[in-house]
Protein chains: 2
Amino acid sequence: MARRTPSAPELHRRAVATYVAAGGEESVQRVITAVQSLTKKLDQWYVRQLADLDMTAGEWAVVTSLAKAGEPLTPSQLADLTNVAPSSMTHRLDKLAGRGLIERTPDDTNRTRVFVSLTEEGWQLFSLAIRGSDVVESDVLQDLSDRERGELARLLEVVIDRLDDIDA
Amino acid sequence: MARRTPSAPELHRRAVATYVAAGGEESVQRVITAVQSLTKKLDQWYVRQLADLDMTAGEWAVVTSLAKAGEPLTPSQLADLTNVAPSSMTHRLDKLAGRGLIERTPDDTNRTRVFVSLTEEGWQLFSLAIRGSDVVESDVLQDLSDRERGELARLLEVVIDRLDDIDA
DNA sequence: TGCTAATATTTCGACATCGAATAGTTCGTA
DNA sequence: TACGAACTATTCGATGTCGAAATATTAGCA
């Protein structure tokens, strides 16, 4: 190996420095870069953990979207929510239905539409996986006090409140 | 359409509630879920912006990794940094090299290895894109004061400092 | 009613990604 | 030196994803 892979904090510092040098604003880049470093690590862990359940991240995204919605969703809505082309969703749903995790039911009021919902087995898999990932996520935040976690959540939620206004 | 797509804040609230109901801890889920909502939106914007430059997110990841490293990297290192299989990197590099954005040079001290570096054109594209994305990112943080941005960055950096210890 | 535009899902061909296998090189050590 | 284990990049076949086209249905309106 050429050189040991740099640590996450070191990569973060370099990234911020590089973006600032290229014309980015420091207060912005510190936050955005940190969010992305964190997500990247989380994604790696999720992929590994989901492999144990024989699932891809994309399939998991479908399951969580249905769980969060609390009601049936159409393939188009699922494609939107999971950032994927509608045509890709068809195949994903075929696969998930084949495993018995979701089911498709026709919408009687609009016959172009199909409703997708979690089966009992799908729900079981969902809560199993959540309890597993909560362990890792708690570890990630272990160095933050309760007050700090609250403050971190609050600041992020301020940002989120703006999100929809921007891409209009 | 069935029902209007819910707003980002609304989706966030539902997500936290669902995860907590499934056995997750609230202080954890508020933070983790918020980070992921934010990343998802950012990714959508990046994909759109990169499309203008005729690039995919994966190709952009290669360019930024090289820019941040500040020195040539091997295909394996790039695969690690961008969360992709080494075999996929071969094709990506072929494409980027075809466009003149990167170049491969053999390592004379170890003939199994190849060094990849940004060309002048690659650097130009990098700083062009950074200045573009910084605009959107600033918009995202517009509701936060300087002090709040600093605090947000600090808290995230505390989390990042722990990251490497966890997946050991 | 009848016609056009819009919506929703699926099919299709092209391309990106994956894991396994391949080929070549270096390192450790007997 | 000689041999085997470890490493590096690539090729290969299978699968997932994409955008465009096809199919079917609904909505708007003259």
Side-chain angles (χ1 to χ4, degrees), chain A residues 1-5 43-44 46-48 50-52 54-63 65-66 72-99 101-117, chain B residues 1-5 43-44 46-48 50-52 54-63 65-66 72-99 101-117:
Chain A
M1 180 164 33
R3 201 182 322 279
R4 210 188 70 70
T5 306
D43 283 349
Q44 287 175 351
Y46 294 146
V47 167
R48 270 198 263 163
L50 288 170
D52 294 342
D54 208 17
M55 288 198 96
T56 66
E59 289 160 356
W60 175 244
V62 171
V63 172
S65 295
L66 289 170
L73 295 173
T74 67
S76 304
Q77 290 174 316
L78 284 167
D80 261 5
L81 289 167
T82 63
N83 279 348
V84 92
S87 56
S88 309
M89 191 51 65
T90 300
H91 182 241
R92 263 195 209 172
L93 294 177
D94 287 347
K95 237 186 114 190
L96 289 168
R99 285 182 55 181
L101 298 173
I102 60 125
E103 60 188 358
R104 281 188 254 224
T105 56
D107 176 356
D108 294 329
T109 73
N110 182 337
R111 287 186 302 170
T112 65
R113 219 162 27 181
V114 177
F115 282 132
V116 180
S117 52
Chain B
M1 176 165 36
R3 201 183 322 280
R4 211 189 69 72
T5 305
D43 284 348
Q44 286 176 350
Y46 293 147
V47 166
R48 271 199 262 162
L50 288 171
D52 295 342
D54 207 20
M55 287 198 96
T56 66
E59 288 159 357
W60 174 244
V62 171
V63 172
S65 295
L66 288 170
L73 295 174
T74 66
S76 304
Q77 290 175 315
L78 284 167
D80 261 5
L81 289 167
T82 63
N83 278 349
V84 91
S87 57
S88 309
M89 192 50 64
T90 300
H91 182 240
R92 263 195 209 170
L93 295 177
D94 286 348
K95 237 186 114 189
L96 288 168
R99 287 183 55 182
L101 298 173
I102 59 123
E103 60 187 358
R104 281 189 253 225
T105 55
D107 176 355
D108 294 329
T109 72
N110 182 339
R111 288 185 303 171
T112 65
R113 223 163 22 183
V114 176
F115 281 131
V116 179
S117 51

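The shown structure was predicted, so the numbers you read here are calculated from the model rather than taken from an experiment. Letters A, B, ... are given to chains in the order of the sequence lines, protein chains preceding strands, and every chain is numbered from 1.
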Between [N] ([atom2]) and [X] ([atom1]): distance, integer Å:
X         : N       : atom1 : atom2 : answer
Met55(B)  : dC18(D) : CE    : C1'   : 18 Å
Asp54(B)  : dG19(D) : CG    : C1'   : 14 Å
Arg111(B) : dA6(D)  : CZ    : C1'   : 17 Å
Leu73(A)  : dT9(C)  : CG    : P     : 11 Å
Arg113(B) : dA9(D)  : CZ    : C1'   : 12 Å

### Query
Got Leu96(B) and Val116(B) here, is their nearest side-chain heavy-atom distance under 4.5 Å?
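No, side chains not in contact.
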### Query
With a 4.5 Å heavy-atom cut-off, do Leu78(B) and Val84(B) have their side chains touching?
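In short, these two side chains do not touch, never coming nearer than 4.5 Å.
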### Task
Would you check, one step at a time, whether the test side chain to side chain contact (heavy atoms under 4.5 Å, CB included) holds for Leu73(A) with Phe115(A)?
CA-CA 5 Å; Leu73(A) 295 173; Phe115(A) 282 132; over 6 Å; no
### Message
I'd like to know whether Met55(A) forms a side chain to side chain contact (heavy atoms under 4.5 Å, CB included) with Leu101(A), so could you lay out the CA-CA distance, the side-chain angles of the two residues, the decisive distance to 0.1 Å, and finally the verdict.
### Response
CA-CA 11 Å; Met55(A) 288 198 96; Leu101(A) 298 173; 4.3 Å; yes
### Task
Tell me which of Asn83(B) and Asp108(B) sits closer to the 5' end of DNA chain C, going by the nucleotide each one is nearest to.
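This one resolves to Asn83(B).
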### Summary
Under a 4.0 Å heavy-atom criterion, the protein footprint on nucleotides 10-16 of chain D, written with B, S and -, is BB----S
### Query
Between Leu50(B) and Thr56(B), which heavy-atom pair has the shortest distance, and what is it?
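Looking at all heavy atoms of both residues, the shortest contact is CD1-O, 4.0 Å.
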### Message
Main chain of Gly58(A), side chain of Arg92(A): is a donor-acceptor contact present, judged purely on distance under 3.5 Å?
### Response
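Yes; judged by distance alone, with no hydrogens or angles, the pair exists.
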